[in-house]
Amino acid sequence: MDEPANQVLFSVFAFVLGAVVGSFLNVCIYRLPLDLSVNRPRRSFCPACKNPIPWHQNLPLLSWLFLRGRCANCGAKIAFRYFAVELLTALLFLAVWQLFPWQIAIAYWVFVSLVIAATFIDFEHFIIPDQITIGGAIAGIAASVLVPQLMGTDSRVAALIRSALAAALGYIILWIVLEAGKLAFGKKRIRLDAPTPFSWTRHEDDADFVVGEERSLWSDHFARESDRLLLYCHESRIDSRSYGEVTLDFHYNRLKAGDDEFALDQVNEITGIAHALQIPREAMGRGDLKFLAAIGAFLGWRAVLFSLFGASLVGSLVGLVTLVLGKRVWSAKLPFGPYLALGALVWMFFGDELVRWYIGLVSP
Ligand SMILES: [Zn+2]
C-alpha cells in the first residue's frame, strides 16, 4: 500500500476508535456518578425502560442517527448528549492522530477520554469522580515514564519527576485559590427585594426548598458538614410551631430557631416570610484540585498555569454574560471542571505555538 492510502486508513481508524471510546465514555458518564459498575451489566440499557440494547442498536454515531435519537423498544428520547460525546471523541481522536507522533498521540487519546468524561459528569452532577481525577494523575505519570517526550525530555527519570511535580503544582495552586476564595466568597448573603414567602418541604431524605419563584433541592446547598444556611425571617412556622421575627440557622440535617433545635428528619414542613438569606457558597469542588493534578501529570506545569488562567477567564466571562442576561439565579451552581478541561485541550493542541508567540512578543 502506498503512503497516502496508509494515512487515510490510519485516520479512519483513529476516528472510528474515537467513536467507540466515546460510546464507552457515555456509559462512564451515566454510571460512575451513580456508583454503578462500568462493566456490569455488560450490556447497555435504555435509561427509560431499562431494556438491554442489542449490539446492532448500539453502534456508535450510526445507531443514534438511524433510530433518530429514540429507544427502539419504548420510543423514549435518547439525549443528544450520547451522540455529541461520540462525535466529539471521534473528532478529537482524529485531530490528535493528525497532529502528534504516534507515541504521544496514544497518551493524548487517554487524556482526551478522561477530559470528556470529567466535563460531562461535572456539568450534570457537579462532581468529578476520583476514578477520573486520581486515576488520571496516576495514568499521566505512568504515560510520562513510558513516553518521556510528553514532558519534553528523553529521560524517563526526568519525565517522572516533571510529571509528578506538575501534578503536585496543579493540586496545590488550586488549593490555595480555593482557600482564598472561601475567605472572599465562602458565604453569600442575599437581600431579597421584598419580604418573600418560602417553603421547605421534606420528601424522603431530601427536601424541596422554595424561596419566591426559585426552587432548589436542599442537598444542593451543602458541600460539607460545617456549612450553614441562614434565613432571616419576619415570621415562620416549623410544622405546628410559629415564630415571629427569627433567624433560622440551618445545617444540612438540623435547624436552630431561637432557643429551639430541630432534627430535620423529624420536620415535615417549614414555611414563612424571609427578607434575606445567607447560603454557603463553594466556588469549586475538591474534585477540581485533583482534576488539575491530572492535567499537570499529562501536560506539564505550564499547562497547569494556562488551564487555571484560561478557566478563570472563561468562567468569569460566562458568569458575567449569564448575569447580564438575567439567567443567573442564586441557587445556580457553576461547575469549574469544564473550563479547566477547555483550557487543557487548548494547551494540548496549541501550547507550543502559544509559547513561541509569547517569546516572540517579549523578545522580538
Ligand atoms: Zn427504552
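We count ligands from 1, going down the list as the structure has it; atoms in each ligand are counted the same way. What's counted below: heavy atoms across the whole structure, side chains too, no hydrogens, waters or symmetry copies.
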Hey, does the side chain of N73 reach the backbone of N51 with a donor-acceptor pair shorter than 3.5 angstrom?
no
Determine whether a donor-acceptor pair (N or O, by modelled atom type, separation under 3.5 Å) exists between the side chain of D239 and the backbone of N268.
yes
Listed by chain and number, what are the ring pair (Phe, Tyr, Trp, His ring centres under 6.0 Å) partners of F10, not counting sequence neighbours?
W97
Indicate whether any N or O donor in one side chain lies under 3.5 Å from an N or O acceptor in the other, for Q98 and S11.
yes
For the Zn ion (ligand 1) the protein N, O or S atom count under 2.8 Å stands at 4
Can you tell me which residue among D288, L340, I121 is in a side-chain contact (heavy atoms from CB on, under 4.5 Å) with I128?
D288
Give a yes or no on whether the ring-centroid distance for F306 and W347 is below 6.0 angstrom.
yes
